[in-house]
Student: 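One structure, pasted below without further comment.
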Amino acid sequence: MKNVTSYIKTHKNRFINELIELLKIPSVSADSAHNQDVLNTADFVKRSLEKAGCDKVELCETPGYPIIYAEKIIDKNLPTVLVYGHYDVQPADPINLWDSPPFEPVIKKTDTHPEGAIFARGACDDKGQMYMHVKAIEFMISSGELPCNVKFMIEGEEEVGSESLSWFVPRNKEKLANDIILISDTGMIANDIPSITTGLRGLSYVEVEVTGPNRDLHSGLYGGAVANPINILTKMIASLHDENNHITIPGFYDNVEELSSDERAEMAKAPFSIENYKKALQIEELYGEKGYSTNERNSIRPTLDVNGIWGGYMGEGAKTVIASKASAKISMRLVPNQEWREITQLFKNHFENIAPKSVSVKVTPHHGGQGYVTPIDNIGYKAASKAYETTFGKIPIPQRSGGSIPIVALFEKELNSKTILMGFGLDSDAIHSPNEHFGIWNYLKGIETIPHFYKNYTELFK
Ligand code: BES
Ligand code: MN
Ligand code: MN
């Protein structure tokens, strides 16, 4: 496939400019103020797939944001690849921590991206990575190099739990029928250390509220005599980990998959520098569950983290007050075999149990999903591995990620197919954080690698 590099060379500037246009639309699914922007982004994606040469491109209505479906079927006897991605993005705030406005993309050089990176919310997660597939298809169709059938399914609610897609998939099994699912919404180790993501963690996300007295009180008049919901909440949260940083919820670890020492030894071979890791985050010492390495802690082990906590007086200066309520948002990252609904229930029971009688607690589950592990002995993984080997000149390392794409487990259940996670982002690309970016080199490398996957997969399928 020698033409792909020359095609990219010729069209490089256009590819970058198109992505910049896409990144200008603030498709924040979590914020209803951006409702129209999310819809406009769906439209952009639809038009881009039409322009890329797909035959059938549809905007599929759902109870929430639309799903863009597209296909190019060349021969029923050839395999079908289903590409999934998302066009929604995380909220940009805190906006004041961005060096340039999140929806006014700029290209800047960095140490990790000497060829430049596009800075914008969604650059890496997932507009940039999703758009690599649109451009790869454009190349394959226009040059007559598309070796098999392709379908696209691009959603607009990934960052808020994929509710509409969970509704859509079981209702459209026939339409979505495929042999393999291909997703670029993860990362790799480094530009000179390619890796393929073989695991995603599951998720259970809950909100808790602790209520004490029926109104905010003078902290002098009442302090010491009534339970302070913020004191209680923080105490309860602190008790969720023991001195070894194990999670204390009864039954939490019951179904956790324990890796064999061989598997752990294999994992430990992946290149990783604790020193660089600490330096990049300006952390003196790392922290985590006793008995596990950093890479294990953030991939094969379940975790519990407070994502936000609030209550009481947070304005300027001091106000002496005992708040009536305190709240927190808590996420639990889960590993294979932990059932997210069961874990949510265990959390709820435990949290209600440990609350002293002097307060009442409310636990509200948000969303969740199952983890996922991709086997590496199937032709999908082999096709991907060989594609990276061709374009990076190195065999990629299989590596489990700590992040979650809950819908992947549902794909397996409903569509009965495996997912290959060909991510081209880097952990340092700051997804979900201020100054998110995506390397131009990574963007173009993705576009170059994807067609090789199609070719390899089609050959191995025979
Ligand atoms: N693309 C990410 C997930 C990801 C990133 C996985 C990097 C592996 C490596 C996705 O958009 C995401 O942010 N998922 C959420 C879960 C979702 C239910 C909101 C997450 O992991 O927090
Ligand atoms: Mn994503
Ligand atoms: Mn995300």
Side-chain angles (χ1 to χ4, degrees), residues 22-23 27-31 38 41 45 64-65 83-92 102 120-133 153-166 182-190 195-207 295 298-300 302-308 329-335 340-341 343-344 365-374 398-411 419-434 436-438 442 446:
L22 174 59
L23 291 167
S27 52
V28 182
S29 51
D31 185 352
V38 183
T41 310
V45 173
Y65 286 120
V83 177
Y84 162 82
H86 61 96
Y87 63 80
D88 65 321
V89 302
Q90 283 277 322
R121 170 57 86 231
C124 179
D125 183 13
D126 178 41
K127 284 174 171 171
Q129 297 212 67
M130 177 269 288
Y131 208 67
M132 295 180 319
H133 287 269
M153 172 172 63
I154 313 295
E155 70 151 320
E157 290 176 24
E158 197 277 341
E159 299 292 7
V160 290
S162 301
E163 216 178 292
S164 295
L165 191 63
S166 315
L182 184 59
I183 304 180
S184 295
D185 192 21
T186 55
M188 56 181 189
I189 298 175
S195 60
I196 296 178
T197 305
T198 51
L200 295 163
R201 285 196 284 194
L203 181 71
S204 162
Y205 201 107
V206 299
E207 185 162 332
N295 272 338
N298 69 21
S299 65
I300 59 162
T303 57
L304 182 152
D305 278 292
V306 179
N307 293 243
K329 291 184 194 278
I330 297 174
S331 68
M332 288 163 278
R333 296 283 169 172
L334 311 176
V335 296
W340 76 271
R341 286 191 176 82
I343 294 292
T344 305
H366 278 271
H367 52 76
Q370 293 300 110
Y372 184 73
V373 177
T374 314
Q399 197 179 50
R400 291 211 207 175
S401 169
S404 307
I405 311 177
I407 207 70
V408 171
L410 185 107
F411 291 159
T419 291
I420 304 300
L421 299 156
M422 285 176 58
F424 295 91
L426 301 179
D427 283 357
S428 56
D429 287 346
I431 63 169
H432 294 207
S433 303
E436 175 178 354
H437 54 280
F438 189 35
N442 301 66

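Please read these numbers as outputs of a predicted model, since none were measured by experiment. One-based numbering, in listed order, for ligands and for the atoms of each.
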Student: Could you check whether any heavy atom of Asp125 sits closer than 4.0 Å to an atom of ligand 1, since that is the contact criterion I want to use?
Tutor: yes
Student: Kindly say whether Leu426 contributes a backbone atom to a donor-acceptor pair with the side chain of Asp429 at under 3.5 angstrom?
Tutor: yes
Student: Checking Glu157 against Ser164: is there a side-chain donor and acceptor pair closer than 3.5 Å?
Tutor: yes
Student: If you draw a sphere of radius 2.8 Å around the Mn ion (ligand 2), how many protein N/O/S atoms end up strictly inside it?
Tutor: 4
Student: Do Arg333 and Ser404 meet the criterion of a side-chain donor-acceptor pair at a distance under 3.5 Å?
Tutor: yes
Student: Taking atom types as modelled, is there a side-chain donor on Glu158 or Tyr87 under 3.5 Å from an acceptor on the other?
Tutor: no
Student: Starting from atom 6 (C) of ligand 1, locate the nearest protein heavy atom and write down its residue, its atom name and how far away it is, to 0.1 Å.
Tutor: Gly403 CA, 3.7 Å
Student: Could you tell me if Ser204 and Thr344 have a donor-acceptor pair between their side chains, going purely by distance under 3.5 Å?
Tutor: yes
Student: To which protein heavy atom is atom 9 (C) of ligand 1 closest, and what is the distance rounded to 0.1 Å?
Tutor: Ser401 OG, 3.3 Å
Student: Using a strict cut-off of 4.0 Å, indicate which atoms of ligand 1 neighbour a heavy atom of His86.
Tutor: 11 (O)
Student: Identify the protein heavy atom lying closest to atom 16 (C) of ligand 1, giving its residue, its atom name and the separation to 0.1 Å.
Tutor: Ser404 O, 3.6 Å
Student: Of the backbone atoms (N, CA, C, O) and the side-chain heavy atoms from C-beta on, which set of Ile431 has a member under 4.0 Å from an atom of ligand 1: side chain, backbone, both, or neither?
Tutor: side chain
Student: Backbone, side chain, both or neither: what part of Glu159 comes under 4.0 angstrom of ligand 1, heavy atoms only?
Tutor: both
Student: Indicate whether the side chain of Lys127 and that of Thr41 have a donor and an acceptor atom separated by less than 3.5 Å.
Tutor: no
Student: Does Thr186 approach ligand 1 within less than 4.0 angstrom via side chain, backbone, both or neither, non-hydrogen atoms only?
Tutor: both
Student: Thr198 and Gln399: side-chain donor and acceptor closer than 3.5 Å?
Tutor: no
Student: Of the protein's non-hydrogen atoms, which lies at the shortest distance from atom 4 (C) of ligand 1, and what is that distance?
Tutor: Asp185 O, 3.6 Å
Student: If hydrogens are left out, which of Arg201, His366, His367, Arg333 has an atom nearest to atom 21 (O) of ligand 1, that is, the closest non-hydrogen atom?
Tutor: Arg333
Student: Given that the side chain starts at C-beta and the backbone is N, CA, C, O, which of these parts of Pro406 lies under 4.0 Å from ligand 1, counting heavy atoms, or is it both or neither?
Tutor: side chain
Student: Just to be sure I'm reading this right: ignoring hydrogens, which of Glu158, Gln129, Glu157, Gln90 gets closest to atom 12 (C) of ligand 1? Compare them by their nearest heavy atoms.
Tutor: Glu158
Student: Consider only side-chain N and O atoms of Ser331 and Asn307, and report whether a donor and an acceptor are under 3.5 Å apart.
Tutor: yes
Student: Scan side-chain atoms only and decide if Glu163 and His367 contain a donor-acceptor pair under the 3.5 Å cut-off.
Tutor: no
